[in-house]
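Notes follow once the structure below has been shown.
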Amino acid sequence: MDLRQLAEEYRESAERLARGLEKVRRELAGARGEEALALERREEVMRLELMDLRSLSRYLREYYA
């Protein structure tokens with residue numbers, strides 16, 4: 001596997017994570033109490049991971065540019 005293929009895998013993972021994050025945000029809109037707090041924590045972790053995946057994908061894709 002070369003860096004371009006790895007970049008594509010990270011991009012695909014980021015897309016899947018983004019869809020999951022949207023689901024969590026929809027659930028959070030109707031959540032209350034402890035459930036809302038748990039979803040907020042989950043949203044933050046997912047958001048940070050998404051930023052990392054996108055950044056790493058971009059870095060690998062542009063490595064040879």
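To the nearest 0.5 angstrom, R61 atom CZ is 10.5 Å from L56 atom CG. In this structure, E27 CD and E22 CD are separated by 11.5 Å, a value rounded to the nearest 0.5 Å. In this structure, CD in E44 is found 10.0 Å from CD in E40, a value given to the nearest 0.5 Å. Note that OH of Y59 is 12.0 Å distant from CG of L6, once rounded to the nearest 0.5 Å. With values rounded to the nearest 0.5 angstrom, L37 atom CG is found 9.5 Å from L28 atom CG. The structure places CZ of R11 at 10.0 Å from CZ of R16, a figure rounded to the nearest 0.5 Å.
A donor atom on one side chain and an acceptor atom on the other are not found under 3.5 Å apart for R58 and S55.
For R25, the CZ atom counts as densely surrounded, since its 6.0 Å shell holds more than 12 non-hydrogen atoms of other residues, nucleotides or ligands. When the shell of 6.0 Å around CZ of R47 is examined, it contains more than 12 heavy atoms from other residues, nucleotides or ligands. No more than 12 heavy atoms of other residues, nucleotides or ligands lie within 6.0 Å of CD in E34, so this atom counts as exposed by the packing criterion.
If you chain together hydrophobic residues whose side chains sit under 4.5 Å apart, V24 and M51 never meet in one group. Cluster membership for L60 and M1, using ILVMFWY side-chain heavy atoms within less than 4.5 angstrom, is shared.
The shortest non-hydrogen separation linking A7 to S57 is O-OG, 2.9 Å. Residue R54 comes nearest to A14 through the heavy atom pair CG-CB, 4.0 Å, listed as atom of the first residue, atom of the second, then distance. The two residues L21 and M46 come nearest to each other via the heavy atoms N-CE, 3.4 Å. The shortest heavy-atom contact between A31 and L39 is CB-CD1, 3.7 Å.
Looking at E12, its side chain never comes within 3.5 Å of a backbone N or O of E9 through a donor-acceptor pair.
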